[in-house]
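Bear in mind the structure is a predicted one, so any value in this text is a computation, not a measurement. Chain letters run A, B, ... following the sequence lines, proteins first and then strands; every chain starts at 1.
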Protein chains: 2
Amino acid sequence: MNLETRTMGVTKTQHFTGEQNRLAALAKALGHPARIAILQHLLKQQTCICGDLVSELPLAQATVSQHLKELKAVGLIKGTVEGTSVCYCIDKQNWEEARDMFLQLFSSPVSCQDNCC
Amino acid sequence: MNLETRTMGVTKTQHFTGEQNRLAALAKALGHPARIAILQHLLKQQTCICGDLVSELPLAQATVSQHLKELKAVGLIKGTVEGTSVCYCIDKQNWEEARDMFLQLFSSPVSCQDNCC
DNA sequence: TAAATTCATCGCAATACTACGATAAAGCCA
DNA sequence: TGGCTTTATCGTAGTATTGCGATGAATTTA
């Protein structure tokens, strides 16, 4: 029987490295097609796009706002109030950090072949 | 009022492209530090590692098995039964597909600067 | 000031995820 | 065969995620 504080349903982040947790958090933020679509749209636009993301996406305004919040929470995007509307764009610095971390993960050679195991 | 079939709490995958859904699914699989740790361990080993992943990770055997199942479900790893134990390793083909998809996402230039919006 | 626009947040409903003990299934070894 | 090892699956508990209508806050416009 486990007598330490039981926190069910919660990721045990304490037991992993900061890098592992950070990469996982970034991946998690990318882990929804709507958020992928948002990022792709922000990348495609030369200038920063505001809330017309809502009309681009097949989701209600409240839902889009929530996805934007999550992307903002991990730092992949940032938003600036511009009058009545809000201008969202990729956060270049964190975006490049994310790119580097994924790059590093995928840079290792895969030794496992078809007959490996 | 929305009278179409209401499926609450479920991602609306139908409304996104196959690529967006695939990339999101791969990212989601990477979205947990334990699964990052598993993949890093499998990448580090020259030969395929079996269930001693359990002793490497700070999680119960059932939990590790569940994470392995998820990684297997998106195709990032594969397992082969070897006597009593199971040998897991990176699925080279799907791993490279994943790498290419993330690479493509991050390859777009970010035009947004500090004073962008 | 009053109405309209834009967006965030709240609250709810339903599903998904995380974790683990218990148990089952499959193979090994004495 | 009987026990042992290894791993998958089941069941359960708790938290997180997804989605959306309703509402609120901030700003613009009439």
Q. Counting just side-chain N and O atoms, does Tyr88(A) come under 4.0 Å of either OP1 or OP2 of dT6(C)?
A. no
Q) For Ala62(A) and Val81(A), take the nucleotide of DNA chain D holding the closest heavy atom to each; which residue's nucleotide lies nearer the 5' end? A) Ala62(A)
Q: Examine the base of dC17(C) for any acceptor or donor lying under 3.5 Å from a partner atom in the side chain of Glu70(B), and report the outcome as yes or no.
A: no
Q. Of all the nucleotides listed (dT18(D), dG19(D), dT9(D)), which has the minimum atom distance to the side chain of Lys69(B)?
A. dT9(D)
**Q.** Candidates dT7(D), dA19(C), dC20(D) - which lies nearest the side chain of Ser85(B)
**A.** dT7(D)
Q. Any sub-3.5 Å donor-acceptor pair from Asp91(A)'s side-chain atoms to Leu76(A)'s backbone N or O?
A. no
Q | Donor-acceptor pair, side chain of Arg35(B) and main chain of Ala29(B), under 3.5 angstrom | A | yes
Q: Would you kindly compare Ala34(B) and Gln66(A) by the position of their nearest DNA chain C nucleotide and give the one closer to the 5′ end?
A: Gln66(A)
**Q.** Shortest side-chain distance from Met8(B), nucleotide among dA19(C), dG19(D), dT18(C)
**A.** dG19(D)
Q. With nearest nucleotides of DNA chain D determined for His32(A) and Thr84(A) from heavy-atom distances, which residue corresponds to the more 5′ nucleotide?
A. His32(A)
Q.
On DNA chain C, compare the nucleotides closest to Leu59(B) and Leu68(A); which residue's is nearer the 5' end?
A. Leu68(A)
Q. Does OP1 or OP2 of dT17(D) have a side-chain N or O of Lys28(A) closer than 4.0 Å?
A. yes
Q.
Can a donor-acceptor pair be found, under 3.5 Å and without considering hydrogens, that links the side chain of Gln20(A) to the backbone of Thr17(A)?
A. yes
Q: Could you tell me whether Arg22(B) and Glu97(B) have a side-chain N and a carboxylate O separated by less than 4.0 Å?
A: yes
Q) Is there a donor on the side chain of Gln61(A) or the base of dA8(C) sitting less than 3.5 Å from an acceptor on the other? A) yes
Q. Among the nucleotides dG19(D), dC20(D), dT9(D), which one has an atom lying closest to any side-chain atom of Ser65(B)?
A. dT9(D)
Q: Examine dA8(C): is either OP1 or OP2 under 4.0 Å from a nitrogen or oxygen in the side chain of Lys72(A)? Give yes or no.
A: no
